[in-house]
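Counting convention: from 1, in listed order, for ligands and their atoms alike. Below, each value reflects all heavy atoms present in this structure, side chains not excepted, and no hydrogens, waters or symmetry copies.
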Amino acid sequence: MSNEAKLELEGKTFTLPTLVGTEGEKAVDVSTLRATTNYITLDDGYGNTGSCTSKITFIDGDLGILRYRGIPIEEMAEKSNFIETAYLIIYGTLPNRAQIKTFSDLLTAHQFLHEDMTYHFEGFPTGAHPMAILSSMINAASCFDEGLMNWHWGKTKEFEVYVAKLISQVRTIAAYSYRKSRGLPLIYPKQNYKYTANFLHMLFSMPYEDFELKPEVVKALDLIFLLHADHEQNCSTSTVRMVASSQANLFASCAAGVCALWGPLHGGANQAVLEMLAQIHKEGDDGSKFIEAAKDKNSGKKLMGFGHRVYKNHDPRAKIIKKACDEVLAKLHISDPLLDIAKKLEEAALKDSYFVERKLYPNVDFYSGIIMRAIGIPIEMFTVIFAIGRMPGWIANYKEIMEEPKSRIYRPRQIYTGPTQKHYIPLDERK
Ligand code: COA
């Protein structure tokens, strides 16, 4: 079989190279197309465009496969934890004992923010969305490290410190963002707490009164972080790569990722799920009216937490998290009308031909929203939790861009459809 593609344009035949990934995905390499044919490819929404080659995460949307550095998500969820997963995603291999100890020690060493940063939190009004605070403060954190500003790719030891700083501090910033948004006093991290427990402590403890850390709650949140750790070239990761391609620093690139993640069609979906459930409840509906509305294009409603651009069969993360969700709800003995509506929606939509025919299944956001509600995470923090989880993926993608010797600034083209040339009309001559 030929490993070239033939393209006929204006009576001429052009040859384009093809390539095959390690899992057999195929691509036509069009990187020379414009130079040789004066055509570009047009792919609104990038559904058919590979923006890069990457060694980090493999997804097969039809088969419902997700692997971090080759390891199935199911194995990571069962046997690992978020911090080990972060190491794997960023550095490419599972850490040995010495490596995980060094990584954990670095995380602990860098978990405190520069004390002057706390004054920046004062500038935000009470009620500011924590995602806005998070993206601003990640960027601000880079100003407190002169080295980062003047750092050039290649100094590996320094990069390891910046990685640890970002992963550790994003959690501290996230917790402070929440405390600030509620007008609560800031709580410092503890040296002896592990990553996820420390986050819950900073989120919920009060001065002189530590939050009770239930193991099932810590485990469920750690699992949410782990399941979100990377998801190849989605909207926010592509944004991070886009910004990184201009050689912006690690913190600036990841802060841009936070902004991209905020939207309700991406990371904001878990918040949108709960808002939808609250609205259904407020209207006295049990979900059945809403399902009908979600099927009607003119209603402007969608069943949030259903559907996925890539997974058209099942979302493997949703399978794992559904089980965790059932376990947490059973263990915490929670009775919540919104969770009852969620169960009803899930059952009804899975039987409804509209959703079945379009392959719209509950995605990870549907269940993570329910778990977070059950363990008391405030709704406006849902997307922030996603951002903490996704940080290793963004960092790994940043690293890949920096390590690529032929890396060029990302700069897509367009097909212009605006007016052709016309001339400036002075103000008093305009109609
Ligand atoms: N509720 C109702 N209908 C939906 C739907 C939903 N959640 N998601 C998709 N559809 C419908 C579309 O209207 C379209 O119908 P049509 O074929 O009759 O025109 C069809 O299903 C295909 O959807 P499309 O918009 O092409 O899918 P997409 O791949 O572009 O979008 C999402 C994927 C995730 C953006 C989309 O499913 C969505 O908005 N889901 C809700 C938000 C969400 O949970 N996002 C988190 C993703 S992890």
Side-chain angles (χ1 to χ4, degrees), residues 43-49 57 59-62 64-66 73 131 223-239 257-280 285 287-322 325 338 341-342 344-373 379 382-387 389-390 393-394:
D43 182 17
D44 191 25
Y46 306 135
N48 300 289
T49 296
T57 290
I59 296 176
D60 184 322
D62 295 327
I65 292 174
L66 168 60
I73 189 68
M131 281 297 270
L223 178 68
I224 290 177
F225 288 150
L226 183 154
L227 293 178
H228 285 90
D230 194 41
H231 212 237
E232 56 119 295
Q233 304 311 315
N234 50 73
C235 174
S236 56
T237 302
S238 302
T239 301
V258 173
C259 295
L261 187 73
W262 194 356
L265 296 191
H266 190 11
N270 50 21
Q271 176 169 343
V273 169
L274 259 289
E275 284 164 355
M276 171 188 78
L277 296 176
Q279 188 62 28
I280 293 173
D285 177 16
S288 41
K289 279 195 208 135
F290 191 89
I291 290 217
E292 289 311 308
K295 295 193 279 184
D296 174 5
K297 300 268 183 299
N298 300 319
S299 71
K301 289 181 178 159
K302 267 186 174 184
L303 195 49
M304 299 313 288
F306 271 69
H308 199 278
R309 170 58 65 83
V310 177
Y311 297 119
K312 299 297 180 193
N313 191 340
H314 74 272
D315 177 342
R317 300 164 305 168
K319 242 185 174 177
I320 298 166
I321 206 167
K322 178 181 165 38
C325 183
L338 297 199
I341 293 173
K344 278 208 178 119
L345 279 181
E346 180 199 16
E347 264 173 45
L350 288 174
K351 282 192 270 180
D352 190 304
S353 59
Y354 173 95
F355 294 93
V356 174
E357 278 160 19
R358 287 169 181 76
K359 303 191 174 196
L360 300 169
Y361 301 98
N363 55 47
V364 67
D365 294 305
F366 187 74
Y367 298 110
S368 65
I370 296 173
I371 294 188
M372 286 193 276
R373 160 101 180 171
I379 190 166
F382 285 13
T383 318
V384 171
I385 303 282
F386 190 160
R390 185 53 53 86
W394 290 339

- Item | Residues Lys295, Glu292; criterion salt bridge (Lys or Arg N to Asp or Glu O under 4.0 Å); working and verdict | CA-CA 5 Å; Lys295 295 193 279 184; Glu292 289 311 308; 3.2 Å; yes
- Show your reasoning for whether ring-ring contact (aromatic ring centres under 6.0 Å, His included) applies to His314 and Tyr361. CA-CA 6 Å; His314 74 272; Tyr361 301 98; 8.0 Å; no
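Between Pro316 and Ile59 the shortest side-chain heavy-atom distance does not fall below 4.5 Å.
Judged purely by atom type and a 3.5 angstrom limit, Asp60 has no side-chain atom pairing as donor or acceptor with the backbone of Ile65.
Counting all heavy atoms, side chain and backbone alike, Asn270 lies closest to Thr383 at OD1-OG1, 3.5 Å.
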Identify the protein atoms, limited to N or O, that lie within less than 3.5 Å of an N or O atom of ligand 1, and list each pair with its distance to 0.1 Å.
residue  : atom   : partner : partner atom : Å
ligand 1 : 1 (N)  : Leu303  : N            : 3.0
ligand 1 : 3 (N)  : Tyr354  : OH           : 2.9
ligand 1 : 7 (N)  : Leu303  : O            : 2.8
ligand 1 : 7 (N)  : Phe306  : O            : 3.1
ligand 1 : 13 (O) : Lys297  : NZ           : 3.4
ligand 1 : 15 (O) : Lys297  : NZ           : 3.3
ligand 1 : 15 (O) : Arg358  : NE           : 3.3
ligand 1 : 18 (O) : Lys297  : NZ           : 3.0
ligand 1 : 18 (O) : Arg358  : NE           : 3.1
ligand 1 : 18 (O) : Arg358  : NH2          : 3.1
ligand 1 : 29 (O) : Arg309  : NE           : 2.9
ligand 1 : 29 (O) : Lys312  : NZ           : 3.2
ligand 1 : 30 (O) : Arg309  : NE           : 3.4
ligand 1 : 30 (O) : Arg309  : NH2          : 2.9
ligand 1 : 39 (O) : Lys302  : NZ           : 2.7
ligand 1 : 40 (N) : Phe306  : O            : 2.9
ligand 1 : 44 (O) : Gly305  : N            : 2.9
ligand 1 : 44 (O) : Asn363  : ND2          : 3.0

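Two rings, from Tyr311 and His231, have their centers less than 6.0 Å apart.
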